[in-house]
Amino acid sequence: MALVRGIGDKIDFKIVIPLVGLLIMSVLSIYSATKLPGQFFIFVKHILWILSGFIILAFFYFLPAQKLLRVSPFLYFLSLSLLVLVIFMGKKVSGSASWLQIGKFQFQPSEFAKLATILILANFLSRKNVRSDSPITLIVAGILTFIPLFLTILQPDLGTAVVFGAIFLGIMFWFEIPVFWLLLLVAPIFLIVASFFSLKVFILVSILITVLFLLMRKPFVLTLMIIAMNLIIGLASEHIYHKILKPHQQKRISSFLNPLSDPLGAGYNVIQSKIAIGSGGLVGKGFMKGTQTQLRFIPAQWTDFIFCVPAEEFGFIGSVIILLLYLILLWRVINLASTIRQKFASLVAIGIFSTWAFHIVVNIGMTLGLFPVIGIWLPFLSYGGSAMWINMAMVGLLLNFYANRRELS
């Protein structure tokens with residue numbers, strides 16, 4: 001019993017158990033999705049990514065938090081260098097030159113940049129002279145986030161760029177910056193999104209945001225100016241849509257609003273994914289017996305649309321199990337972030353939570369047709385070495401914080 005308690009004191013099984021469950025589901029799903037001549041190597045590589053990921057997990061598990069704090073600026077500038085390099089030398093995949101290739105090995109620097117951005121924000125915000133109520137804090141943190149975000153947009157990879165925004169908002173909210181400032185940041189985004197739906201939706205969101213700003217009880221002239229600026233940004237979204245977004249990005253938005261407008265093009269994946277998920281029923285069609293998945297109606301279903309594979313083969317019950325595993329994992333990360341008193345570790349934990357939560361909600365929302373297809377992976381389920389390695393590094397950090405929670409308190 002003493003040995004069991006000792007292991008439980010150093011290893012957080014509330015993180016390890018859902019992690020193992022998700023990896024098992026990932027192995028089953030990708031095996032099923034790639035069991036064809038010429039594709040089985042994808043499954044083999046996925047196994048190698050997972051096994052090597054555990055080595056990375058172990059490295060970050062034993063890495064002292066103080067050393068990580070000291071090297072975070074170096075990791076951040078290294079990630080920026082790689083993002084600049086990929087703009088000029090990147091390999092183009094699905095319309096984005098977001099991959100660096102060295103021989104037969106290729107990786108995605110933007111995945112590394114997500115973790116590096118979390119670390120640099122935590123480093124900056126954990127300093128003693130940094131106050132949550134200072135505008136300088138918001139400006140500096142915003143610049144640190146905007147640089148990798150902007151470099152990612154240049155690839156262009158809008159989906160990954162949006163993740164940096166989610167990381168920033170999650171960390172700044174946890175740092176307890178004024179709600180008014182957060183509202184300033186997110187209000188234009190909601191208005192732009194609302195403008196893509198219809199005039200009625202735009203008016204409804206505009207009224208809601210106006211009420212929220214009025215409830216902040218700021219000077220009336222300032223409130224009026226902010227509301228006017230937000231409305232102008234929302235109304236200018238049509239220009240943004242036609243002049244700034246690439247044609248394939250415009251198609252993703254239009255197909256999200258109406259998938260049937262291009263059923264054989266931009267809306268094809270979403271339509272087929274919804275059919276696959278719906279056809280799974282309560283208990284699914286059985287392992288490797290899914291019609292949509294086995295007949296390959298969904299291209300490259302082992303990547304962004306991986307969720308439709310277990311949803312069709314294991315049905316509603318299998319989908320609920322996956323969601324529960326994610327819920328347990330996210331709940332544990334929040335719990336860990338709230339119990340650690342050291343600011344740096346707590347902010348890193350909440351940055352990891354923000355990354356995973358955003359990916360989970362948006363990716364599954366994409367497969368259900370609730371969100372536009374922006375090309376982001378599902379944590380621990382989707383195929384991809386760069387994402388798997390970074391996710392395992394994040395798990396290693398969380399387990400590290402748990403094992404050293406008394407020293408970090």
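What you see below is based on every heavy atom in this structure, not just the backbone, and it leaves out hydrogens, waters and symmetry mates. Residues: numbered from 1 along the sequence shown.
Nearest heavy atoms, Leu347 versus Ala122: CB-CB, 3.8 Å. Of all heavy-atom pairs between Ala141 and Leu121, the closest is O-CD2, 3.6 Å. Scanning all heavy atoms of the two residues, the minimum distance from Leu325 to Gly21 falls at CD1-C, 3.8 Å. The two residues Ser382 and His46 come nearest to each other via the heavy atoms O-CE1, 3.7 Å. Closest heavy-atom contact between Ile30 and Thr34: O-OG1, 2.6 Å. Residues Ala161 and Ile153 come closest through the heavy atom pair CB-CG1, 3.5 Å.
Below 30°, between 30° and 60°, or above 60°: for Phe314 and Phe287 the angle between ring planes is below 30°, a parallel geometry.
In this structure, the separation between CG on Leu28 and CZ on Phe43 is 8.5 Å, given to the nearest 0.5 Å. The OG atom of Ser79 sits 5.5 Å away from the CZ atom of Phe112 when rounded to the nearest 0.5 Å. Rounding to the nearest 0.5 angstrom, the gap separating the CG atom in Asn129 from the CD1 atom in Ile136 is 11.5 Å. Taking CG of Leu83 as the reference point, atom CG of Leu78 lies at 9.5 Å (rounded to 0.5 Å). Rounded to the nearest 0.5 Å, atoms CG (Leu336) and CG (Leu399) are 9.0 Å apart. To the nearest 0.5 Å, atoms OH (Tyr61) and CG (Leu397) are separated by 12.5 Å.
Looking at heavy atoms from C-beta onward, Val86 lies out of side-chain contact with Gln108 at the 4.5 angstrom threshold. A 4.5 Å side-chain heavy-atom check between Phe344 and Gln66 finds every atom pair outside the cut-off. Side-chain contact between Ile306 and Ser26 is absent, with no heavy-atom pair separated by less than 4.5 Å. For the pair Val348 and Ser72, the minimum side-chain heavy-atom distance is 4.5 Å or more. Annotation: side chain of Tyr326 is not in contact with side chain of Pro18 (no heavy-atom distance under 4.5 Å). Considering only heavy atoms from C-beta on, Phe380 comes within 4.5 Å of Val395 through its side chain. In this structure, Phe307 and Ile277 have side chains that are in contact, with non-hydrogen atoms separated by less than 4.5 Å. In this structure, the side chains of Phe124 and Ile120 stay at 4.5 Å or more apart for every pair of heavy atoms.
No donor-acceptor pair closer than 3.5 Å links the side chain of Asn335 to the backbone N or O of Trp331. In this structure, Ser32 contributes its side chain and Ser29 its backbone to no donor-acceptor pair below 3.5 Å. The backbone N or O of Phe13 lies less than 3.5 Å from no partner atom in the side chain of Tyr402, so there is not a single donor-acceptor pair.
Annotation: Phe60, atom CZ; neighbour count of heavy atoms from other residues, nucleotides and ligands within 6.0 Å is above 12.
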| task | Walk me through it: do Leu23 and Met388 pass the test side-chain contact (heavy atoms from CB on, under 4.5 Å)? | result | CA-CA 10 Å; Leu23 290 177; Met388 183 60 71; 4.1 Å; yes
| field | Phe164 vs Phe146, side-chain contact (heavy atoms from CB on, under 4.5 Å): CA-CA, chis, key distance, verdict | value | CA-CA 8 Å; Phe164 289 100; Phe146 178 76; over 6 Å; no
| query | After noting the C-alpha distance and the side-chain angles of Ile139 and Ile143, does the key distance pass the side-chain contact (heavy atoms from CB on, under 4.5 Å) rule? | reply | CA-CA 6 Å; Ile139 293 171; Ile143 292 173; 4.0 Å; yes
| task | For side-chain contact (heavy atoms from CB on, under 4.5 Å), just list the numbers for Met392 and Leu19, CA-CA rounded to whole Å, side-chain angles, deciding distance to a tenth of an Å, and then say yes or no. | result | CA-CA 9 Å; Met392 296 297 264; Leu19 168 67; 4.2 Å; yes
Atom pairs and distances, donor-acceptor, side-chain atoms in residues 349-365, under 3.5 Å, two or more places apart:
{"unit_1": "Ser354", "atom_1": "OG", "unit_2": "Ile350", "atom_2": "O", "d": "2.8"}
{"unit_1": "Thr355", "atom_1": "OG1", "unit_2": "Gly351", "atom_2": "O", "d": "2.9"}
{"unit_1": "Trp356", "atom_1": "NE1", "unit_2": "Asn391", "atom_2": "OD1", "d": "2.9"}
{"unit_1": "His359", "atom_1": "ND1", "unit_2": "Trp377", "atom_2": "O", "d": "3.0"}
{"unit_1": "His359", "atom_1": "NE2", "unit_2": "Lys114", "atom_2": "NZ", "d": "3.0"}
{"unit_1": "Asn363", "atom_1": "ND2", "unit_2": "Asp304", "atom_2": "O", "d": "2.9"}
{"unit_1": "Asn363", "atom_1": "ND2", "unit_2": "Ile376", "atom_2": "O", "d": "2.7"}

What side-chain donor-acceptor pairs closer than 3.5 Å can you find for residues 165-183, not counting sequence neighbours?
{"unit_1": "Trp174", "atom_1": "NE1", "unit_2": "Ser346", "atom_2": "OG", "d": "3.0"}

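Between Lys14 and Asp12 no salt bridge is recorded (no basic side-chain N to carboxylate O distance below 4.0 Å).
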